[in-house]
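As structure tokens, the structure follows; a few thoughts come after it.
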Amino acid sequence: MDALIQVLVEIAKCSWEPLKKRMDNLNDFEDNVENLKRRVQELVARRNVIQKRVDERCSNGDVVTDDVQLWIDRANEMILEANQMEVSGGENMRCLMGRCPNWRRRYRLSKQAKDKVETITNHHEKGTFENVATSLPRPRVEFQPTPSIDTLKTVNLSLKKVMDALGDENITMIGVYGMGGIGKTTLVKNVNNKLKGTSAFDAVVMVTVSKDVKLKIIQEEIAKKVGMELKEEIESLRTSKLRTRLMDVKKLLIILDDLWQRLI
């Protein structure tokens, strides 16, 4: 008899623990759901802060790091899953024509909420990044296909004058002008190519302007050359962001080819 009683006690213990967990989930239904809502709100706030930092860096031509992007993507998934769970859980929470709580649904939602709170909490704690983006490599000098000027003494003389002027720190702007077809584009392309592989400038950007000057297009072309994208429609915002990015380059040379009129 004692052995039988002991067996029955052990069976009761084994049955009680799962039952107790179920009862706890039912009793803590409201707390678990409210706790989930709070944790989701905290995750949203942390996600927004990190995304804002990323947007600020990327607007200046930097690139979000892989670990930060993965964290943001996973946070978005968790937020969506939690919100969908709350919506589905808020319906049909009662049965028997609304006379009785739907205990099965309440238990399932309570357990899901409790599990997600732990997952979201762990992810929230991982959202501490010292750096959220990395700077793009400094743009190199792109070789410009152009005819040789080795046998053109006049053009070579002009090339030397331009190169000497580029080495003068007191000179910030150089103009190459003359009638159409005399070789101005060939000259500036040779200037560009001569600087390739040197340390005279950290970056050389060459953009063709053309007669029909469109400042927005010129800004976008320059931005593309330094690894950023300008999407702003307001001119002052485009100018400000482009200036900020260009200031990151210590020694920058911008060559504007086929310029017909003053830009600013």
Side-chain angles (χ1 to χ4, degrees), residues 9-137 227-232 237 241 244-245 248:
V9 169
E10 292 301 323
I11 293 175
K13 286 181 179 179
C14 293
S15 302
W16 170 248
E17 288 302 323
L19 180 61
K20 184 177 182 300
K21 290 182 179 180
R22 287 176 175 270
M23 294 301 296
D24 288 343
N25 279 327
L26 282 173
N27 292 333
D28 297 339
F29 170 74
E30 299 292 344
D31 290 340
N32 288 340
V33 172
E34 287 302 316
N35 194 23
L36 174 61
K37 291 179 180 179
R38 286 194 300 271
R39 297 306 292 168
V40 169
Q41 290 174 351
E42 292 170 359
L43 183 61
V44 169
R46 175 67 62 84
R47 188 273 316 271
N48 289 346
V49 168
I50 294 176
Q51 186 65 62
K52 183 178 180 180
R53 291 174 59 194
V54 169
D55 292 342
E56 289 175 349
R57 289 288 302 275
C58 291
S59 68
N60 290 326
D62 296 335
V63 179
V64 59
T65 58
D66 291 340
D67 57 337
V68 172
Q69 189 59 61
L70 287 172
W71 187 93
I72 292 175
D73 292 342
R74 183 63 185 125
N76 289 334
E77 291 175 2
M78 289 181 175
I79 294 167
L80 179 61
E81 290 171 358
N83 289 335
Q84 289 178 338
M85 189 190 73
E86 290 182 34
V87 170
S88 63
E91 302 173 354
N92 302 322
M93 290 301 294
R94 304 187 70 82
C95 58
L96 297 177
M97 303 297 290
R99 296 187 183 91
C100 179
N102 190 329
W103 299 112
R104 178 178 296 180
R105 179 175 288 275
R106 287 170 69 91
Y107 164 75
R108 184 168 64 250
L109 180 59
S110 180
K111 185 176 185 304
Q112 289 176 350
K114 185 176 181 180
D115 292 341
K116 285 189 179 296
V117 163
E118 182 177 355
T119 303
I120 290 175
T121 299
N122 291 335
H123 193 66
H124 183 277
E125 293 175 352
K126 294 177 181 178
T128 53
F129 303 99
E130 183 175 351
N131 293 313
V132 298
T134 181
S135 299
L136 288 171
M228 69 178 296
E229 184 177 0
L230 289 178
K231 296 182 179 180
E232 289 71 22
L237 291 179
K241 287 191 174 184
T244 301
R245 177 68 178 98
D248 287 339

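Quantities reported herein were computed from a predicted structural model and do not represent experimental measurements.
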Arg46 versus Thr128: any side-chain heavy-atom pair under 4.5 Å? yes
Sequence neighbours excluded, every pair satisfying salt bridge (Lys or Arg N to Asp or Glu O under 4.0 Å) that has a member inside residues 121-130: none
His124: which residues meet the ring-ring contact (aromatic ring centres under 6.0 Å, His included) condition with it, sequence neighbours left out? none
Quick one: are Lys111 and Asp115 in side-chain contact, heavy atoms under 4.5 Å? yes
Any salt bridge (Lys or Arg N to Asp or Glu O under 4.0 Å) involving residues 47-59? Give me the pairs, sequence neighbours left out, ordered by first then second residue. Arg57-Asp62
Crowding at CG, Asp73 (>12 non-hydrogen neighbours, <6.0 Å): yes
Partner set under salt bridge (charged side-chain N to carboxylate O under 4.0 Å, His left out) for Arg39, not counting sequence neighbours: Glu42
What closest approach, in Å, do Cys58 and Val64 show between heavy atoms, and which atom pair accounts for it? SG-N, 3.8 Å
Shortest non-hydrogen contact between Gly127 and Ile50, atoms and distance: O-CD1, 3.6 Å
Residue list, side chain to side chain contact (heavy atoms under 4.5 Å, CB included) with Arg38, at least two apart or on another chain: Glu34, Asn35
Side chain to side chain contact (heavy atoms under 4.5 Å, CB included) against Asp67, all qualifying residues, sequence neighbours excluded: Thr65, Phe129
Hey, what do you get for CD1 (Ile120) to CD1 (Ile79), rounding to the nearest 0.5 Å? 8.0 Å
Heavy atoms of Leu43 and Ala75 approach each other most closely as CD2-O, 4.0 Å
